[in-house]
Amino acid sequence: MKLQRILTASWKPLAAGALALSTVALAAVQPETGIGLPRDVSLHGHLSDWLTNVTHVFNIILFTIMCVWMGIACFKHGRAHQAEYDLGDDKRSIKIALMLSAVIFVVVDGNLFVNAINDIDNAYWNFDEVDQNPATVRIEVNAHQWAWDGRYAGKDGRFNTEDDVLVWNDFKVPEDTPVYFQLASTDVIHSFYLPNFRAKMDAVPGQVNHMWIQARQGTQGDYDIGCAQHCGTHHYKMKGQLSVLSKDEYQKWLNEASVNGLRAFDATDGAAHWGWDWKKF
Amino acid sequence: MDTSTVARAPHVHPEPTSFVWKYLFSTDHKVIAKQFLWVGLFFLAFGGTLAMMIRWQWAFPGEKVPVLGIFLERAGGMITPATYQSIFTMHGLIMIFWAITPILIGCFGNYTIPLQIGAQDMAFPRLNLMSFWTFVISAVLIVASFFVQLGTAAAGWTTYAPLSTNVGTPGPGQTLVGLAIFVTGVATIMGGINYVTTVIRLRAPGMTWMRMPLSVWGLWLTAVLNVLFVPVLGSAALLLTLDRLFGTQFFVAGAAGVKGGGDPILFQHLFWIFGHPEVYILILPAWGMISDIIPMFSRKPAYWYAGTVWAMVAVTVLSAVVYGHHMFLTGMNPLLGKGFMTFTLIISVPAEVLFLNWLHTMWKGSNRFPTPMLFSVGTVFVFGLGGLTGLYLGTIATDIYLHDTMWVVGHFHLTMAAAAFLGSFAGLYYWFPKMFGRQYNETLGKVHFWGSVTFITLVFTGQLIVGFAGQQRRLYDPYQYTFLQHLLSANRLTSYAAFLLAAFQVPFIYNFLRSVFAGAKAEQNPWEATTIEWTHAASPPPHYNYNPIPTIVRGPHELANPEVKKATGRDWAGQAEELPSGGEQAPQTAVPQGA
């Protein structure tokens, strides 16, 4: 069949072109310049980046085939071409159509499915190991229009007590250590978004959600926290900062902040006591 | 079974002659279709204007808006953060419920269903009339909401609670919009019941299910989804209105981690149970129409007709069980998330069948490219892009990063906006001679197509690119964020593409208005099409469409058949045409007029 010949012949250059394009896309992953994913500083961000890029390659191949196919039909099988009477409903045609669909489905969707299940079970939503790790840093986040309130447990390791460390839009975490967030909201739905960590989770009034991240070794620096869920007039200004510190610096900061927190504690300030007992999921 | 007699015999009224009964309160499906078209086109322009303001804000944040600034007098001609959120909220709602819905479903549903199945009108013509005027009431509510204190709705088109309750948007504008959604839902359900019944009961003799034109299949499945799922939206809108006006707490929860009161996530469930079928509600009619239009201009039968039908049926069924992918990050149980992910990925199988069938139909055809065909091919092109970019969002691992970014916006605009928009125009140009009895200007139509397809693709690809770089949706000023500052030039280029897209609608507006009133008289069947609205009805069709009702003898796309060529000398045979010799065994009642 002519179509088959064309498809077989164009397979290699197509794949090469798609790979070249995706290499360009990958090369663009620079610290927030050019077009491409923002810099990834997390332990597991590469998993979804890989899955995204591989799917790009598949999609570019599929879309190119579609356009070439349609293009040839448009230019070669024009008005002058004698239309072929083909209802496409004989057994062989149906078999080919179903087989093609099945192959695309198994390869493209199958790859997405298997890897996604792996990634969420073993990395993104695998909270068991994080929960059991004694080094894990725990932070409660209370979102409200239009800021992020943060709470660290302080020395006693318990939340909503007087030595809690309270932060406002300015979070500090140590590198190379799991950071476990629990999120809630006071007013409307917000979404805690860490683009450089490929992490995001909604903060919903009336319920506690959780997410975790880990900054890779040597990624000290300041990273944006965004709100991803439209939350009212100043949604665009609901911006925080997550600073990755070395483990020593982080410990130093936490100790100082804990002392300050104890000093600033005001039992009568109801609004400051929004915390909750760390929730077991 | 001759079901057509049911509609024919007892209820034949003379054609109304006064302006009011002929053009305003008509029960004729063809008139009602045009009414929906005019209102829909008005709101398309309205929603498009709002889109231009959004694009201006992203290209030149906080700067005076040229021309449209006169509507923003109180803010000195600039868009404020509060106005901005009203603009994008109303852009979404107006485009979906007051532009695409009336054009694709109200206009083409009303126009093509009775004509293509050989009915003299809808099953319930008066319900049809009520549906349109109920829709007008909702349109009045939506326009009125712009003039109340604190302005119109501002909680996004998704209207997520608690932002949409008094907690987030206390003004009466949001209440009016909630009511408008409820009322337009009532209109849609009336229309849906009518379409579903008409297709089941009023098909001409011989018009079996598997001989129906694919447009009718698409529109019928859409109507089924509307009847099933719009009531869920209606209930959500009603409960929200109760929360806003009567102090109930269906969707308002306690603060922070405190339980109590209602559940904001319940609103999302109600919204997306409707909302995901809704995206198929808006695309199925376009799929159906281009599945009919492509064969007519490829001069070749639709490839694997039954495959296209069953693929659309499969999408319709699956559309009800995938909605959870909008809610992966709400704290949904991971197991439930995986279930929704599985169904979402499965939906790509019927979509692939559709694409293969369109491509195979064009392959080895005798393709010609008047405007309707160009728009159909354009629809396949943008829907291909839109479908493929959805894969990342149906998969949890990649959705975590892309969720609520401009990637989502680009993806759903390519499917729901670009494909529905180009598909609507494919249908409009295709049936234009039939609807108005006049021919549009082909050159202007082609200018409209090339401008539209080029810039609509650029606009929404631009959105995908900045979304991939992490830009969240709905930001008044994205450049507040350090990691987004370098995207200003990309956003600005995208905005220029959007402005050009708008500019290329001018030839359409001119062409449409001029041709409706002063175009050259159209022939009965200028496309040499095979379905009965072309072969058995004049352009425009008379009151009650067919007399007598034609008897259908074959499928909808009898093209390029050598037997037909031998018998008639033409490369096509109408659905109700009996051939002079041999071939089909046609009942003797059919009287082809257009041959």
Side-chain angles (χ1 to χ4, degrees), chain A residues 32-33 35 38 48 51-52 55 59 63 66 69-70 73-74 77-79 81 83-85 87-89 94 97 100-101 104-105 109 112-113 116 119-120 124-125 142 184 186-189 191 195 198 200-202 204-209 224 226 228-230 232-234 236-237 239 274 276, chain B residues 81-82 85 156 160 162-163 167-168 253-257 259 264 299-301 303-304 306-307 329-331 334 345 348-349 352-353 356 359-360 362-368 384 388 391-392 395-398 400-401 403-404 465 469-470 472 474-477 480-483 486 560-562:
Chain A
E32 286 78 72
T33 54
I35 298 299
S48 81
L51 195 53
T52 305
T55 309
N59 280 353
F63 192 67
M66 185 189 103
W69 189 340
M70 216 154 67
C74 288
H77 305 157
R79 189 181 286 271
H81 183 266
E84 194 173 273
Y85 185 63
L87 293 166
D89 59 353
I94 293 176
L100 269 174
S101 306
I104 298 172
F105 177 70
D109 298 60
L112 277 168
F113 181 79
D119 294 350
I120 55 178
Y124 298 126
W125 290 354
N142 184 35
T186 304
D187 36 47
V188 302
I189 300 175
S191 193
R198 311 293 186 260
K200 191 182 289 145
M201 183 52 82
D202 287 357
V204 183
Q207 78 181 47
V208 175
N209 286 342
D224 278 337
Q229 181 70 57
H230 171 232
T233 319
H234 296 289
Y236 72 107
K237 278 195 170 167
K239 175 191 166 188
W274 49 262
W276 55 88
Chain B
Q85 52 172 1
Y160 276 4
L163 187 62
V167 172
K259 275 268 168 223
R299 306 311 294 167
K300 196 167 160 280
Y303 194 86
W304 195 20
L329 302 185
T330 55
L345 291 176
S348 65
V349 176
E352 283 156 20
V353 170
L356 288 172
L359 294 172
H360 268 124
M362 288 175 68
W363 189 251
K364 291 191 180 169
S366 175
N367 293 292
R368 43 213 66 184
L388 292 172
L391 285 168
Y392 311 81
T395 308
I396 299 173
T398 42
I400 293 175
Y401 170 67
H403 196 91
D404 275 328
I465 287 171
Q472 302 102 296
R474 296 172 170 177
L475 294 180
Y476 170 73
D477 179 2
Q480 294 278 326
Y481 286 95
T482 326
F483 78 107
H486 66 287
N561 186 345

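Chain letters run A, B, ... following the sequence lines, proteins first, then strands; residues in each count from 1. Bear in mind the structure is a predicted one, so any value in this text is a computation, not a measurement.
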Would you say [X] and [Y] make side-chain contact, with heavy atoms under 4.5 Å?
X: B:Ile396; Y: A:Trp125; value: yes
X: A:Thr55; Y: B:Thr398; value: no
X: B:Ile400; Y: A:Arg198; value: no
X: A:Ile189; Y: B:Pro264; value: yes
X: A:Tyr124; Y: B:Pro334; value: no
X: B:Tyr401; Y: A:Thr52; value: no

> Between A:Gly226, A:Ala83, A:Cys74, A:Ser191, which residue shows the highest count of heavy-atom pairs closer than 4.5 Å to chain B?
Replying inline: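 Option with the greatest count: A:Ala83.
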> What option among A:Ala116, A:Pro195, A:Ser48 has the most heavy-atom pairs under 4.5 Å with chain B?
Replying inline: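 Heavy-atom pair counts peak at A:Pro195.
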I need the minimum non-hydrogen distance between [X] and [Y], along with the two atoms involved.
X: B:Ala560; Y: A:Tyr85; answer: O-CB, 3.1 Å
X: B:Gln480; Y: A:Lys239; answer: O-NZ, 3.0 Å
X: A:Asp202; Y: B:Thr330; answer: OD2-CG2, 3.5 Å

Pairwise distance [atom1]([X]) to [atom2]([Y]) - rounded to 0.5 angstrom:
X: A:Leu100; Y: B:Leu359; atom1: CG; atom2: CG; answer: 10.5 Å
X: B:Leu356; Y: A:Met66; atom1: CG; atom2: CE; answer: 11.0 Å
X: A:His77; Y: B:Met362; atom1: NE2; atom2: CE; answer: 10.5 Å
X: B:His403; Y: A:Met201; atom1: NE2; atom2: CE; answer: 10.0 Å
X: B:Ser366; Y: A:His81; atom1: OG; atom2: NE2; answer: 8.0 Å
X: A:Lys200; Y: B:Gln472; atom1: NZ; atom2: CD; answer: 7.5 Å

>> Please evaluate residues B:His360 and A:Trp69 with respect to the criterion side-chain contact (heavy atoms from CB on, under 4.5 Å), reporting the C-alpha separation (whole Å), side-chain torsions for both, the decisive distance (0.1 Å), and the verdict.
In response: CA-CA 9 Å; B:His360 268 124; A:Trp69 189 340; 3.7 Å; yes
> Checking A:Asp224 side chain against B:Tyr481 main chain: does a donor-acceptor pair fall under 3.5 Å?
Replying inline: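 No; judged by distance alone, with no hydrogens or angles, the pair does not exist.
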> Within the side chain of A:Asp89, is there an N or O that forms a donor-acceptor pair under 3.5 Å with the backbone of B:Ala306?
Replying inline: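 No: the side chain of A:Asp89 does not pair with the backbone of B:Ala306.
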> Looking at B:Glu352, B:Arg299, B:Lys300, B:Arg474, which has the largest count of heavy-atom pairs under 4.5 Å with chain A?
Replying inline: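 Of the candidates given, the most pairs with chain A belong to B:Glu352.
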> Does the side chain of B:Ser348 pick up a donor-acceptor pair with the side chain of A:Asp109 at under 3.5 Å?
Replying inline: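 Yes, A:Asp109 and B:Ser348 have a side-chain donor paired with an acceptor closer than 3.5 Å.
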Does any heavy atom of chain B fall under 4.5 Å from the side chain of [X], the backbone, both, or neither of them?
X: A:Phe63; result: both
X: A:Ile120; result: side chain
X: A:Asn209; result: side chain

> What do you reckon, is CZ of A:Arg79 surrounded by more than 12 foreign heavy atoms closer than 6.0 Å?
Replying inline: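 No, because the 6.0 Å sphere around CZ of A:Arg79 holds 12 heavy atoms or fewer from other groups.
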> Which bit of B:Ala469 comes within less than 4.5 Å of chain A, counting heavy atoms only: side chain, backbone, both or neither?
Replying inline: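 Contact with chain A involves both backbone and side-chain atoms of B:Ala469.
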